[in-house]
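Comments concern the structure below.
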Amino acid sequence: QVQLVESGGDLVQPGGSLRLSCAASGSIYTINAMAWYRQAAGKERELVGAITSGGSTNYADSVKGRFTISRDNAKNTMYLQMNSLKPEDTAVYYCNADVRPSPILFKWYLYWGQGTQVTVSS
């Protein structure tokens, strides 16, 4: 079993910053890509950005230049640095990870975290 736990969500004023973490634990041999998604109330879940095991990143146009994704492979942890936050960034933020649990079996599984609330409001 693999667990993903997001943390760092909070209430922040417009223009402020937050750093989210996504820690993976359990039966992990290696992790390929990891990604951040968000879901605002009444809206569909959308991709915020993703990062490969080698550190290559891509971002949604709405967050480019404001958000930065990084990861620490030794800790199986991904981060989302969010700057210049706007009210429209308010959402529950989820992470996922493409995990290979076993060195013997070449199988990958996608796991999701439970989400962390980010609220941007004055």
Side-chain angles (χ1 to χ4, degrees):
Q1 280 285 33
V2 174
Q3 297 81 38
L4 296 183
V5 178
E6 301 98 335
S7 60
D10 205 345
L11 170 64
V12 63
Q13 291 188 343
S17 298
L18 276 178
R19 188 192 195 208
L20 305 184
S21 298
C22 169
S25 62
S27 299
I28 298 172
Y29 172 63
T30 189
I31 300 176
N32 192 7
M34 301 180 77
W36 287 101
Y37 283 75
R38 66 186 181 185
Q39 187 167 19
K43 295 188 177 181
E44 293 187 353
R45 191 173 297 190
E46 63 176 2
L47 176 67
V48 174
I51 185 168
T52 67
S53 57
S56 297
T57 56
N58 64 79
Y59 300 94
D61 287 343
S62 58
V63 305
K64 278 182 183 176
R66 301 188 298 121
F67 291 10
T68 302
I69 297 174
S70 61
R71 64 190 280 178
D72 184 334
N73 291 331
K75 295 182 179 180
N76 289 329
T77 300
M78 175 179 61
Y79 305 97
L80 178 64
Q81 178 66 45
M82 303 185 292
N83 299 327
S84 303
L85 283 161
K86 304 175 182 179
E88 51 263 43
D89 294 318
T90 296
V92 178
Y93 284 71
Y94 299 89
C95 65
N96 72 24
D98 194 23
V99 178
R100 180 179 171 184
S102 169
I104 300 174
L105 297 177
F106 194 76
K107 285 190 174 184
W108 300 83
Y109 301 89
L110 187 67
Y111 294 93
W112 287 86
Q114 82 292 343
T116 185
Q117 176 70 47
V118 172
T119 303
V120 184
S121 175
S122 53

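- Looking at heavy atoms from C-beta onward, Q1 lies in side-chain contact with Q3 at the 4.5 angstrom threshold.
- Remark: R19 qualifies as a cation-pi partner of Y79 under the 6.0 Å distance and 45° angle criteria applied to the six-membered ring.
- The minimum heavy-atom distance between T116 and E6, with the atom names listed, is CG2-CB, 3.9 Å.
- Y59 places a side-chain N or O within donor-acceptor distance of the main-chain N or O of I69, the cut-off being under 3.5 Å.
- F67 is not listed as a side-chain neighbour of N83, based on a closest heavy-atom distance of 4.5 Å or more.
- Pairing each heavy atom of L4 with each of A24, the nearest pair is CD2-CB, 3.2 Å.
- Cation-pi geometry between R100 and Y109 is not satisfied (NZ or CZ under 6.0 Å from the ring centre, within 45° of the ring normal).
- Using a 4.5 Å heavy-atom cutoff, the side chains of D89 and M82 are not in contact.
- V48 and Y37 get closest at one heavy-atom pair: CG2-C, 3.8 Å.
- In this structure a side-chain-to-backbone donor-acceptor pair under 3.5 Å is missing from D98 to I31.
- Residues P87 and P14 have side chains in contact (heavy-atom distance under 4.5 Å, counting atoms from C-beta outward).
- Annotation: side chain of W36 is in contact with side chain of L20 (closest heavy-atom distance under 4.5 Å).
- In this structure, Y94 and R38 have side chains that are not in contact, with every pair of non-hydrogen atoms separated by 4.5 Å or more.
- More than 12 heavy atoms of other residues, nucleotides or ligands lie within 6.0 Å of CD in E88, so this atom counts as buried by the packing criterion.
- Remark: D10 CG to L18 CG distance equals 6.0 Å, nearest 0.5 Å.
- Taking the side chain as every heavy atom from C-beta outward, Y93 and L80 approach each other to under 4.5 Å.
- For Q117 against V92, the heavy-atom pair with the smallest separation is OE1-CG2, 3.2 Å.
- For the pair M78/I51, a side-chain contact is recorded, criterion being any heavy-atom separation below 4.5 Å from C-beta on.
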